2 protein chains.
Amino acid sequence: MATRLTIGRAAEAAGCKVQTIRYYEQIGLLRRPPRSEGNQRLFAQEDIRRLAFIRHARALGFPLQAIRDLLSLGDEPEQSCEAADAIAKAQLGDVEQRIEYLQALRRELKRMVEQCRGGRIADCRVIEVLSDHAPCEMFNHAVPRSGVGSP
Amino acid sequence: MATRLTIGRAAEAAGCKVQTIRYYEQIGLLRRPPRSEGNQRLFAQEDIRRLAFIRHARALGFPLQAIRDLLSLGDEPEQSCEAADAIAKAQLGDVEQRIEYLQALRRELKRMVEQCRGGRIADCRVIEVLSDHAPCEMFNHAVPRSGVGSP
DNA sequence: CCTAACACCTACAGTAGCTGTAAGTTCAAG
DNA sequence: CTTGAACTTACAGCTACTGTAGGTGTTAGG
């Protein structure tokens, strides 16, 4: 029951473009999958899961290098625990800062939507509220240049 | 006490590169600030706050268009309530999905760090856990192409 | 006052992470 | 066996920066 998928189905499953998958293969994030008689890629379920993981992590703004690090945790389960621990902890700290910031953003957006019920926007404090994190270095690795928005 | 900052100080304050600020000015995300005698930009505190907001939002993976929308909530407080409401609600939905996903990521990272205390990584389930969100369309606009990571 | 060092200026080229297009091949339905 | 969608490679183009070149402004020390 080796239900292998062609690249189009894989892309559909992961919610990304076909070219993105080929790109990930090219830069070594995904293995080079076996090919059909006619030279078409055939992806196993494991490939699809790995791809889905990459897409989710990208959607959250993790750069490919951080994703490479996270993936290495699963790829080399026999590597020293300290190394894995360091990667996981760094990502965890990053994730917690993101959550905190997003919760502040959510509070303010909710407040605005509430206020809107009453007619006009009196005072929009989105910027004030969300820019005042002065000493928070935020993330250690840079934000995706190209839209990490939504795939 | 108009404590205006030169571009270098502004960049330091916001945790970004000098060129990034000039870029934001160029694409109209930041106003063209007043200049000194010698033609150097002088940023007011309000500019810095706006810049800090943009950087935070970018670090979270929001594309510049979404940031433009958020900023417009503050820039045009007299705009129709329906328009503002639509923007705020769309962003709110996006933000809530991000929070949910990040919380799942946090749970799993914590689990790994816990497990790590015990010595070696027995079974790393990071990928399994985070790729199993099959039917979650996640975000509506694409992920930043270029690193939203950290600046 | 003069100069060295450093921050600023414009302009443009290069990078990451995709995304689209062109030109051609393969596969599955009818 | 044909038609058309899905695949192939290759390469150009996009977003959001980032770096570099070549020149000007600003400031600290002598």
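All chains are named by letter (A, B, ...) in the order of the sequence lines, taking the proteins before the strands, and each is independently numbered beginning at 1. What you see is a predicted model, and the numbers here were worked out from it, not measured in a lab.
In this model, the phosphate group of dC17(D) is approached by a side-chain N or O of Arg55(B) to a distance below 4.0 Å at OP1 or OP2. Taking side-chain N and O atoms only, Arg22(A) has no distance below 4.0 Å to OP1 or OP2 of dG17(C). An OP1 or OP2 oxygen of dG17(C) is reached within less than 4.0 angstrom by no side-chain nitrogen or oxygen of Arg68(A). Contact between the side-chain N/O atoms of Thr20(B) and the OP1/OP2 oxygens of dT18(D) is found at a separation under 4.0 Å.
Follow the hydrophobic side-chain contacts under 4.5 Å out from Tyr23(B) and you reach Phe43(B) in the same cluster.
Looking at Arg4(B), its side chain does come within 3.5 Å of a backbone N or O of Leu42(B) through a donor-acceptor pair.
Side-chain contact check for Phe53(B) versus Ile67(B): some heavy-atom pair is nearer than 4.5 Å.
Nearest nucleotide to the Arg35(A) side chain, out of dC7(D), dC9(C), dT9(D): dT9(D). Counting only heavy atoms from C-beta on, Gln19(A) has its side chain closest to dG20(C) among dT9(D), dC17(D), dG20(C).
For Gln40(B) against dG25(D), a side-chain-to-base donor-acceptor contact under 3.5 Å is absent.
Distance, Glu25(B) CD to dC17(D) P: 15 Å, rounded to whole Å. The CD1 atom of Ile21(B) sits 13 Å away from the C1' atom of dA7(C) (whole-angstrom rounding). Regarding Leu42(B), its CG atom lies at a distance of 15 Å from the P atom of dG25(D), rounded to whole Å. At whole-Å resolution of the value, CZ in Arg9(A) and C1' in dA6(D) are 9 Å apart. Put simply, CD1 on Ile54(A) is 12 Å from P on dG17(C), counting in whole angstrom units. Regarding Lys17(B), its NZ atom lies at a distance of 13 Å from the P atom of dA16(C), rounded to whole Å. Following rounding to the nearest Å, Glu37(B) (CD) and dG25(D) (P) show an atom-to-atom distance of 11 Å. Across the protein-nucleic acid pair, Ile27(A) atom CD1 and dT15(C) atom P stand 15 Å apart, rounded to whole Å.
For the pair Gly38(A) and Tyr24(B), nearest-nucleotide mapping onto DNA chain D gives the more 5' position to Gly38(A). Along DNA chain C, the nucleotide closest to Ser36(A) and the one closest to Val18(B) are compared, and the more 5′ of them pairs with Val18(B). Mapping Tyr23(A) and Thr6(B) onto DNA chain C via the closest heavy atom, the residue that lands nearer the 5' end is Thr6(B).
As judged by a 4.0 angstrom heavy-atom cut-off over every strand, Arg41(B) is placed among residues touching the sugar-phosphate backbone only. Across all strands shown, Leu64(A) has heavy atoms under 4.0 Å from sugar-phosphate atoms exclusively, and none from any base.
Leu30(A) approaches Asp47(A) most closely through the heavy-atom pair CD2-O, 4.4 Å. For the residue pair Val18(B) and Gly8(B), the shortest heavy atom distance occurs at CG2-CA, 4.0 Å.
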